[in-house]
Every structure is written in C-alpha cells, then in structure tokens.
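Let me begin by presenting the structure, written as structure tokens, before commenting on it.
Proteins come first, then strands; the chains are lettered A, B, ... in the order of their sequence lines, and each starts at number 1.
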Amino acid sequence: MASRFNALKADAAWQAVWEERRTFAAKDDSPRPKSYVLEMFPYPSGKIHMGHVRNYTMGDVLARFRRMKGMEVLHPMGWDAFGMPAENAAMEKGVHPGAWTYQNIDTMRSQLKRIGFGLDWSREFATCDPEYYGHQQALFLDMVEAGLVYRKESAVNWDPVDMTVLANEQVIDGKGWRSGAVVERRKLSQWFLKITDFADELLDGLKELEHWPDKVKLMQENWIGKSQGLQFRFALSDGGEVEVFTTRPDTIFGASFVAVAADHPLALKLAEGNPEVAAFADKCRAGGTSAAEIETQEKLGYDTGLTAAHPFDPDWKLPVYIANFVLMDYGVGAVFGVPAHDQRDLDFARKYDLQVRRVVSDGAEEAPEFHGDEAYTGPGTLVNSHFLNGMDVVDAKREVIERAEEGGWGTGTTVWRLRDWGVSRQRYWGTPIPIIHCETCGPVPVPRDQLPVKLPEDVSFDIPGNPLDRHATWKHVDCPKCGKAARRETDTLDTFVDSSWYFIRFASQPDDKPFDKAVAEQWLPVGQYIGGVEHAILHLLYARFWTRALKHMGKLDIAEPFAGLFTQGMVTHETYFRDEGEGRRSWFGPDDVEISGKTGTLKADGQPVTVGRVEKMSKSKKNTVDPGPIVEQYGADAVRWFMLSDSPPERDLEWSEAGIEGAWRFVQRLWRLFDGLDEAQGDDAAEDRALDRKLHQTIAGVADDIEALSFNKAVAKLYELVNAIEKAKPSASRANAVRTLIRIVAPMAPHIAEEAWAEAGGDGLVADAEWPEVDPALIVEDEVTIAIQVNGKLRDTITMPKGAPKADVEAAALATDKIVRQLDGKAPRKVIVVPDRLVNVVA
RNA sequence: GCGGACGUGGCGAAAUCGGUAGACGCAACGGACUUAAAAUCCGUUUCCCGAACGGGAGUGCGGGUUCAAGUCCCGCCGUCCGCACCA
C-alpha cells in the first residue's frame, strides 16, 4: 500500500544516475534538431538564492521538455566569476579573490546539482579561468586589429582613500560607498570599444527580435537614443565659431541665445583668462547628478559677452552663455535656445530675461509674443519665421537642413545617446588587458603566443589601490616590438566583457581558439535565454554588440545572439521591522519572528514587530530564505513545483511557507497515484472516455504552456488532471492516465518521475523518454455546453453535441423553461447563435 | 518631465479570436476518520437579498461602440518599472 515518497533518497539516487550516465551532455554531432536553452549564469557570491532557483527551474523545465520532444538540447552552466565582491572579500577576510571565488563555485555547483537541474556540466567554466580569459584577450586583440578599440582620456569617479575608481552606483551623495570619502573626478587614459559604430545595426536589429519582450526592446531603443537633426555653426563676435546641434531646426527663427557646456572648449578657453568664468564652470560641475537634484536644480548661465550671428541674418546677434544644463557629452556640447518651444530654454530665458518668440503655432495663437511658463513642443504651423511661414514642422525641418547644406554652414546629422563602451577597470580581479606600453612604440599588443596574460597570484589587498599596479615584477616587461623596457597595462576588462561571449564558448570550446565557427553556429543563436530584467540594457546590449563585432570580423556568422528572451520576475518575501527613531529601522528575518495574521512578534523578546511590504529578497532587509535547508526539508521536486506554481513567471513570486507546503503535498499526492498504479486498473478493463479526453487535453495543453513558458498554467492543468484521475473509478483509462502522468510531470518534477518510471517498469530513464503523443480525436469534446443569454445576460445553459446545426441549437435554446419564462410569450426580436458557444436572445 | 506596463474574490491568479468571469492553487469555514493530533478524504467559499427555488450587482472610476466588453475606443484615478537637463 501507498508509502510516502522519500524525496531525499530519490533526489540523491537519480541525480547520481544522471551524472553517471551523462544524460544531459549535449552532442555536437547529434542528428536531432538542436535547441539551445540558456539562463544567465550566476556570479559566485557564496550561496545560491531563491532567484537563481526560480530562474534555473524555468530553463530546466523547458530544456527537459525539449529533450523529450526529440531535440538535442544544449543547457549549460558556468560562472560569471570576475568582479568586485571577490576583491572586497579579499580586503575584509584576507583571502585571495581566486580562492574565495573557486570555493564559492564549489558550494554553488553542488547546490545546483542538489536541485536536479539537467545541465551539461562537461561544458562548465568560470570566466576567471585563464583558459577562458586568455581567449577573451585574443578576441580583444582581434578587435584592436579590426579598428574597434581605441584609447581616450576619460573622467572617472576616483575614491582618494581607497585609491580606486568607482562605478556610478558606488557613488552615494558624492561620496565613496566604502570609504565615505568625497569622490574626485579624475582623467585617466582608458580603452573604449566602438559600440557606436554598430548603433544603427543594434537599433535595426531589434525589429527582428520577435521573441523578445517589447519592454526590453523599447528600453534598448531608448538607450541607443537615435536623434536626427541639424548640426550647424554660428559665427562669433571674436572671429571664432561655435557649433551646435538641434533636433528642431524648424524653430531657428525663434532662437534667443546660444549656450555651451561648462566643459566646452569655448568655455575652457574663456576660463583660462578669467577666474570668474572658471569659478562658474566649477560650480556647474559640482552639481549633483541624482534625479531629485536635476529636477530641482536651477538653470544657471554665465553671459560670456560674446555674440553669435544668426545664420539667416548676420545682423541678428544672439548672446552666448555658458550654461549648467548643457551636457558636454551629448551632441556637440552646445545648443541654441528657443524658449517658446523648449521647456529648459524657457526656464532659462525667463530667469535671464531673454526674448521669447513664438515660431510654431498650434492654430490658436500666432502673435510673436509668447506668454506663460510652459513651452509649446507639439506640432503646428510655422509663424514669424520668414520663408518658413505656413509650413508644418516636418517640412520646415527639411527646408532649413537643405538651406544649411546649400549654404555650407550646417549638415543634417544623426546623434546617438549611446556612448562608446569604456572597458578599462583599475582593478585586480578581471581579465588583464593584453597591451604593453612602450615609451618608444606606444601601446603594443601582447604577442598571441604569450597569451593568456595571467593574473599574478602573489598579490596583497591590505593597502588600497590596484595590486597589479604595485606588484613588484608583473608589469615590468620588455617591449615586444623594440625590446626596450616597457610596462604592462595594469587595467583589467569590465566584467560585462566576460559575459558578452560566454554563450558562444558554451557552444564550442576548443583549446586553441575561443570557439570553432562551424560548431558554434550549429547551436547559435540561443533559442531561449532567461534572466532578470535588470540586464535588459547593459548585458544584453553588450552581448548583441560583441556578436555583431564578431560577424563584422568574419569570425561568426550570427547577427543576434539571443533569438528568444524571457525576463522572469523576482522572488519576494514579507519584511519585518521596528522603527528605532531618527529614521533608523532594524530588520528581522522570517525565522526570527512569529506571525499570526497581520501581526508579528519577535521570538527573541516577545514584543511586536511591524509586518512590512512584500519586497525582493535582499540581505539588507533580511527577508531572504535560503534554498539549501528548504530543499533538504521538502525535496527538490517540491521546491521546483512551487517555483513554477501560481505566479506568472514574468511577475514576482512571493515565497511563503504555505506555498512550499502545498507543493510538497502535491508531490505526495502524485506519489499516491504512482504507487497505487497496480490497483488503479482493478478488475475493470473498461474505458473511461471522459478521462481519456482530459488526459490528452492535458498532454497538449501542458506542452503548449511549457513552450510559452506559462508554467503557472501548466501547473493548473496538471492539478485538474490529478483531480480528475483521483475522482475516476478504476479502469484501463485510469491506469493509462497515471502511467502517462509520469511523463507529463517529468520536466517539472523529474525525481519523482524517475522513481515512478522505474517502479512502473519504464524503459531507461524518463529523462530520455518521449513526450506522450496526443490523439487529436481526443482533444476535442464531443459535447459542448452552450450558454443561453437573454439580452446579453446568462439565463441558462444546455448541452448539445459538438457542431450541432445552428437551427437545432436555436430551437433547443428557445425551448428551455427558463427562456420560455423570460420571453413570457413574446417572440424574440433577434437570435444570435455562435456555434458551440452560445445563443443570445434579443427580446 | 518623457517612455512603458499593470489594475479581476481574503490572497496568488485563469479567462488564447469580443461570446458562460473567477479554472487551478493558497487561506478560511463545516464535516468524516482518530483516544487525540498530524496526514488524508468529503463539502462550502465574489458580494447583496433569500431557508430554498431564484433574483440583483460585479473585472480601479466615468463615458462610448456592440446582440454581447475583463477583453475594443475616449477621458480620468492609482500602483509599479525604465530613462532622465539628451537640445
């Protein structure tokens, strides 16, 4: 009789079998159709968290399902292993970043295996393996040769205490996040990749990504930020020139000033001889960059005393300002101000009492005087604009660009918001940039036969700064060109470079080169990529760029790396806290509190705590749940099942004790069915057509749902089937349904499925079994319930054979008691019959 | 400010093409089994009136299109996300 399903035993046993038989190793030379399922690889921070579990469960279900459908599936795993946390750990705990990282990898690998993910571990690598980053260095040199890399002075956030460069996110209120020191802006010579060369392609390519969420495509589109307009020159009163960019050349006769950024060459030149200008420029640069600060920041300008001559009227002189709202790194760092039709220009003009001239009319008003404090930026007709009068905005833009080009003082231009990708990081734990700096020869690539340029092991983190820089010997090398003493580049590559091509290396990893073109192309593009939406812009854009760069260099004939993208929601949990006054708040973990209904008490002192919002699991709010003990308690299948249940995968999933228990109960319910298989049939070999239908509808429905990644719907369908089987009387159909159920749940709950498969005498592993075939005759009902409405309100239902003629359905509907009563002897005015669905009687 | 998504029971959610709103799960309640509990099983569960048969209302709010609207259109309100002085 039914025993309990021993998850711990079954999990371990089947995981061992999969590993031993290399069940999930993908074969490059397989004749089966290929499918590449990939989840974003993790950063080895220590332990896996629930977010990983959810992400990898989704991918695993799809990968296992596709295998059962007869595909050769590549489902690999590796480690995004370079990055700052390892250096922080080195500083705090005195361990080597490599030792720390590899130890974390060992822990996390065994945790992933413990959940039974069907991964091809034979292709595993970490980006900090010299074998990996050596090939990455080679690709970097390829890009250098292809002219896609250059060196430029660029400003960075410099922490003077930690002697390190900070990312923008590490600067909080102008101070370093670790040291608290006021951050300085320093100019350093840094390496850049020419992603802007591909801006047009990256934008256009989005259109072909049919299986990407619109949201992500839109975010990338905005990030790339294509603007078309006119770049043109003003002659200055000192005999010089200033160039500006505008997307609104149509409003050229509404100009009332010219403004340049504080870092603009013109401003820098003026600052040299004038301390007042220099002071003003400094003030502009000091301004904060946070959202709130920009919102409230006053428009400030410094009148240079220079004037600019209007290109269409040399006698019309416009004042030239240095202004804090003009950005040096967008366009050309200078604008002409049209206050009536641009809000910033209007704010500025009102403050400095400049002319505000209407040149676009919305049809209501045409007078040159523009009143009010809200600029008009909508469409309309040009007014007060000489030869442009009467044109609409679009025509006027074209007209002005044409005249500027004819007159030789301007050109129609496209400007991008996207900047080139600065890849230099002044850190140890990253891929060394394979360049040697020679006083005579300049930057020289490291000869290929000397790759990889390995990180030195003997480094210390007890003093601030980059250990590569102060290493006694590492950076001192001879110039490969002239042989004189030279210096290695001590910067390392941005870790986003590591993740820009790892999916190619998974597909093909020869020893002698980054990848084999033909082998990689067999697998690529990734069919389904799954990860967090936080990577919607940077990682996904960089990987798209890298792939296009490889194509450009003829190394890989793939335009887009990820054909399908899915961004899953986060795993969340309630928060518990106490306000300690002065805005301070202490947070408590789920294990520290006792919850009853909407109130909670702290176990430690029995006093109440506030039950806060449901938020993303995070260490800072202490609302994390460690998957490790949960898997030990409930088994891998219950955890997987819960990850797939209830919430649509793109939405957040709230972790709850009740939820995981529900999943566990379902696993046990499955086991009672599987284990009672012998008795299911009983003595009765009769068929149960209704159950047969339900089974085949479920096989088809679950398959569709898994392909659509709608796991919550697949779960619901499985509950329905299990309910139906449990209610059904013993029959051959019932026994068959239970036997088939083993395969339907296999992608989601693989351990119990293997156990049941073996017990039921299945051939080989259920992981290698075929997805059950659907009998098309059984997925359609032979009877349908037809709704009967009177004036659109449901009044009754009738059951009819499927496909019954309209006339029969109408007659049957009108004959029911309830409808007869509703009509009260009157003839209906109209009857609408939707076959197999409903009848609407219009009375 | 700009761009986008979303809003359905106590909760997570279904409703695939405009056609029976609330499938499925959680929680709750009632019952069976048990010395008792757990587990399991049976039932109820959108709201209001009603013992019941039944009736009315109902998918953020206000309008509209339609025989028929959660779904389409217009206008609000709210929540969340992304970008942010981008000329």
**Q.** Syn/anti label of rC17(B) as read from its glycosidic torsion, with the cut at 90° from 0
**A.** syn
Q.
Quick check on rG9(B): syn or anti? Syn means the glycosidic torsion is within 90 degrees of zero.
A. syn
Looking only at side-chain atoms of [X], point me to the closest of [options].
| X | options | answer |
| --- | --- | --- |
| Q789(A) | rA21(B), rA23(B), rG82(B) | rA21(B) |
| P648(A) | rG4(B), rA14(B), rU16(B) | rA14(B) |
| D342(A) | rG19(B), rA87(B), rG25(B) | rA87(B) |

Q: Answer yes or no: is there a donor N or O on one side and an acceptor on the other, between the side chain of D420(A) and the main chain of T196(A), under 3.5 Å?
A: yes
Q.
Keeping R4(A) on the side-chain end and Q668(A) on the backbone end, is there a donor-acceptor pair under 3.5 Å?
A. no
Tell me what [X] touches on the nucleic acid: a base, only sugar-phosphate, or nothing, going by heavy atoms under 4.0 Å.
| X | result |
| --- | --- |
| R417(A) | base |
| E654(A) | nothing |
| V533(A) | nothing |
| T246(A) | sugar-phosphate |
| V842(A) | sugar-phosphate |
| T785(A) | base |
| R821(A) | nothing |
| N723(A) | sugar-phosphate |
| I832(A) | base |

Parallel, tilted or perpendicular, judged at 30° and 60°: which one describes the rings of [X] and [Y]?
| X | Y | value |
| --- | --- | --- |
| Y576(A) | H573(A) | perpendicular |
| Y352(A) | Y321(A) | tilted |
| F234(A) | F232(A) | tilted |

[N] phosphate, OP1 or OP2: any side-chain N/O from [X] under 4.0 angstrom?
| X | N | answer |
| --- | --- | --- |
| R4(A) | rA39(B) | no |
| R651(A) | rC6(B) | no |
| S227(A) | rA87(B) | yes |
| Y719(A) | rG25(B) | no |
| N712(A) | rA14(B) | yes |
| N222(A) | rA84(B) | no |
| K215(A) | rC6(B) | no |
| R665(A) | rA27(B) | yes |

Watson-Crick/G-U partner (both atom distances under 3.5 Å) of [N]:
| N | value |
| --- | --- |
| rA37(B) | none |
| rU59(B) | none |
| rA5(B) | rU79(B) |
| rC26(B) | rG10(B) |

Q: Could you tell me if the ring centre of H310(A) sits under 6.0 Å from that of F253(A)?
A: yes
Q. Counting only distance, no hydrogens or angles, is the base of rA87(B) paired donor-acceptor with the side chain of R344(A) under 3.5 Å?
A. yes
Q. Is any side-chain N or O of K713(A) under 3.5 Å from a base N or O of rC24(B), one able to act as donor and the other as acceptor?
A. no
(Q) Here's a test of your reading of the structure: between W416(A) and A716(A), which maps to the more 5' nucleotide of RNA chain B? (A) A716(A)
Q: On RNA chain B, check which nucleotide each of W223(A) and K793(A) is closest to and give me the residue with the more 5' one.
A: K793(A)
Q. Expressed as a whole number of Å, how far does the C1' atom of rC33(B) sit from that of rG43(B)?
A. 15 Å
Q.
Using the P atom as the point on both nucleotides, what is the distance between rA23(B) and rU45(B), in whole Å?
A. 10 Å
Q) More than 12 foreign heavy atoms under 6.0 Å from CZ of R419(A): is that the case here? A) yes
